[in-house]
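Bear in mind the structure is a predicted one, so any value in this text is a computation, not a measurement. The residues of the chain are indexed from 1 along the displayed sequence.
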Amino acid sequence: MADRQPLARRILLSFMLLTALIAGINAWAIIAVVHVVEEDLIGDEMRQEMEMVETVYLTEGRIPDLTGGSALYVPTLKAQPLPAAFAGLQPGYQELVSENGAWHVLETSIEGHRFILARNQDTFEAREQVLYKVVVGGFLLAIALAWLIGRLTARRVIDPVIRLARQVRGRDQMVALAPPLATDYSDDELGQLAMAFDLAFSQLRVAIDRERLFTSDVSHELRTPLMIVGTSAELLLRGDLSERSRRQVERIARAAAEMLSLIEVFLELARAQGAQLAPGEGISLAAMADEQSQLWADDIAARGLTFVRRSEGELPGLWHPTLLRVVMGNLLRNAAHYTETGEIRLVLASDGFRVEDTGPGIAPAEREQLFQPFVRGSRARGEGLGLGLSLVRRICEQQGWQIEALNLDGGGSCFVVRLGG
């Protein structure tokens, strides 16, 4: 999950976590040292005082007066009230916190008498609390400074990356005369990345230019023989032909016209931008549906199927005739290949159209690769290379259309094409 966060946020979090770790260790060390030093210093002083008391009592037989802020209690020898908190003390040095304050207490036995040395630490504890607050404040200040420095550092690191990404996304880099990216960056890791992008763009430009030249050359060379085939078919249709021969020649003429349209489609797809129409050019969706219905009705009927054209809405506007013809025609051809019995429906809608059939539907295992090149369904009839749906998707992507393949509840498949709306 952390890997999906923006790089700037990860840099900031790294700064803050590292600072929190170091500052936390320092704060803990300071508090621990203060506590240890407190016990060692005060404990040593009180032991020295107790040794002095013991020396005076054993040599002079009296209890000395203390002037270092400590109080001495000898319940069996000195008439003075013993604090209730000292009643259950164990021999030795100890720290005691009670309702009456904080005390450091040292108890020992001298000739069978309890000697209790106590020193009130309220003032020291107050200072100690102030020190703890300073330590905590320093810890929070370190976190705040880490956040500030982390943001500045992240911005300094990320800004060149964002600038490089913006340059890479720009269309100008696909122009042959575009300046190299590496010149804008120093010779570091980012500069090496920019050099890698320059090399990739150079190779990509060469590949695209080679593909465009190939597409243009092939299209140009194919136009002449196809026009000869089409013209010859028209001349033959003007002569006296039998009904069977006329149908064959019409089929040849239609195939030649379709191949010329495909050449135009390939040229459009080879361009960097979608095909643009001049004002007033194009064809309506209803007119294209009428054309494809006339073209496919007889062929679908010849396969023993029923063709149905239905309108559920009307989408205004004009569309590229060649590209729309290829999309709708390939979907109808695909439905005919996969349907053995029943009907094929061409349905116009308010946002586009859909092609439905009563075939076997789309197998779950084939759905992921449905629009991939050279992929045919396992139940297809007739011949084909599996390029029809791939071509349809490429056209839709270039024109900004949407295509979706579904299975119908009653059986069969449905291809939905949304042109707009």
Side-chain angles (χ1 to χ4, degrees), residues 223 226-227 229-231 233-234 237 246-269 274-303 305-339 343-357 382 384 387-396 398-403 413-421:
R223 283 178 183 272
L226 286 176
M227 290 180 65
V229 172
T231 304
E234 291 180 3
L237 289 173
R246 183 172 294 277
R247 285 198 302 268
Q248 295 298 327
V249 174
E250 289 176 350
R251 187 176 181 182
I252 293 173
R254 186 165 60 249
E258 185 176 352
M259 291 182 67
L260 286 173
S261 296
L262 285 176
I263 290 175
E264 182 66 24
V265 170
F266 293 146
L267 287 175
E268 294 291 351
L269 292 178
Q276 302 294 326
L277 291 175
E281 291 185 354
I283 188 172
S284 66
L285 182 60
M288 181 58 67
D290 293 338
E291 174 188 306
Q292 293 298 307
S293 297
Q294 295 176 3
L295 180 63
W296 283 97
D298 294 339
D299 186 71
I300 292 175
R303 298 170 183 259
L305 305 173
T306 302
F307 178 75
V308 177
R309 180 189 183 282
R310 188 169 68 245
S311 178
E312 296 179 353
E314 183 177 352
L315 177 63
L318 298 178
W319 315 97
H320 195 289
T322 302
L323 301 182
L324 184 58
R325 181 179 297 111
V326 171
V327 170
M328 188 177 293
N330 272 282
L331 292 180
L332 289 171
R333 179 185 292 108
N334 182 76
H337 284 174
Y338 284 86
T339 306
E343 63 182 21
I344 296 174
R345 297 179 291 271
L346 175 59
V347 183
L348 303 186
S350 58
D351 60 350
F353 68 94
R354 63 182 185 270
V355 176
E356 301 174 349
D357 61 61
L387 292 174
L389 292 181
S390 173
L391 181 61
V392 167
R393 186 181 66 173
R394 289 180 60 191
I395 293 175
C396 290
Q398 188 194 62
Q399 295 299 112
W401 303 340
Q402 298 178 3
I403 183 169
S413 60
C414 174
F415 288 84
V416 182
V417 179
R418 297 181 179 88
L419 305 178

Practice problem: Quick one: pull up CH2 in Trp296 and CG in Leu331 and give me the separation to the nearest 0.5 Å. | Solution: 10.5 Å
Self-check item: Those residues that, when tested against Thr322, pass side chain to side chain donor-acceptor pair (under 3.5 Å) (two or more places apart)
Solution: none
Self-check item: From Arg303 atom CZ to Thr339 atom OG1, the distance as rounded to the nearest 0.5 Å
Solution: 9.5 Å
Quiz item: When you look at Leu315 and Phe353, which way does the side chain to side chain contact (heavy atoms under 4.5 Å, CB included) test go after all the steps?
Solution: CA-CA 9 Å; Leu315 177 63; Phe353 68 94; over 6 Å; no
Quiz prompt | Arg251 CZ: over 12 foreign heavy atoms closer than 6.0 Å | solution = no
Quiz item: If every non-hydrogen atom of Leu348 is compared with every non-hydrogen atom of Arg309, which pair is closest and at what distance?
Solution: CD1-NH2, 3.5 Å
Practice problem: Just jot down the salt bridge (Lys or Arg N to Asp or Glu O under 4.0 Å) partners of Glu250, sequence neighbours excluded, or say none. | Solution: none
Self-check item: Sequence-distant partners of Arg354, salt bridge (Lys or Arg N to Asp or Glu O under 4.0 Å), two or more places apart
Solution: Glu312, Glu356
Self-check item: Check: Trp401 and Ile395 side chains under 4.5 Å, non-hydrogen atoms
Solution: yes
Self-check item: pair Leu285-Glu314: side-chain heavy atoms closer than 4.5 Å
Solution: no
Quiz item: Does anything in residues 315-328 pair up under salt bridge (charged side-chain N to carboxylate O under 4.0 Å, His left out), and if so which pairs, sequence neighbours excluded?
Solution: Glu291-Arg325
Self-check item: Asp357 side chain vs Ile344 backbone, donor-acceptor pair below 3.5 Å
Solution: no
Quiz item: Which pair of non-hydrogen atoms, one from Pro321 and one from Ile283, has the smallest distance, and what is that distance?
Solution: CA-CG2, 3.6 Å
Quiz item: For Val249 and Ala233, which heavy atoms make the closest approach, and how far apart are they?
Solution: CG1-O, 3.4 Å
Quiz item: Should Leu323 and Gln398 be marked as a side chain to side chain contact (heavy atoms under 4.5 Å, CB included) after you check the CA-CA gap, both sets of side-chain angles, and the distance that decides it?
Solution: CA-CA 10 Å; Leu323 301 182; Gln398 188 194 62; 4.3 Å; yes
Quiz item: Does the side chain of Glu343 come within less than 4.5 Å of Ile300's, by heavy atoms?
Solution: no
Exercise. Mind checking side chain to side chain donor-acceptor pair (under 3.5 Å) for Asn334 and listing every partner two or more places apart, or none if nothing turns up?
Key: none
Quiz item: Considering residues at least two apart in sequence or located in another chain, which fulfil the side chain to side chain contact (heavy atoms under 4.5 Å, CB included) criterion with Ser284?
Solution: Ala286, Ala287, Leu318
Quiz item: Roughly how far, to the nearest 0.5 Å, is CE of Met288 from CG of Leu346?
Solution: 11.0 Å
Exercise. Using a 4.5 Å cut-off on heavy atoms from C-beta on, say whether the side chain of Leu389 contacts that of Phe415.
Key: yes
Quiz item: Got a second to check how far Leu419's CG is from Gln399's CD, nearest 0.5 Å?
Solution: 10.0 Å
Practice problem: Check Gln292 against Leu332 and note the closest heavy-atom contact, atom names and distance. | Solution: CB-CD1, 3.9 Å
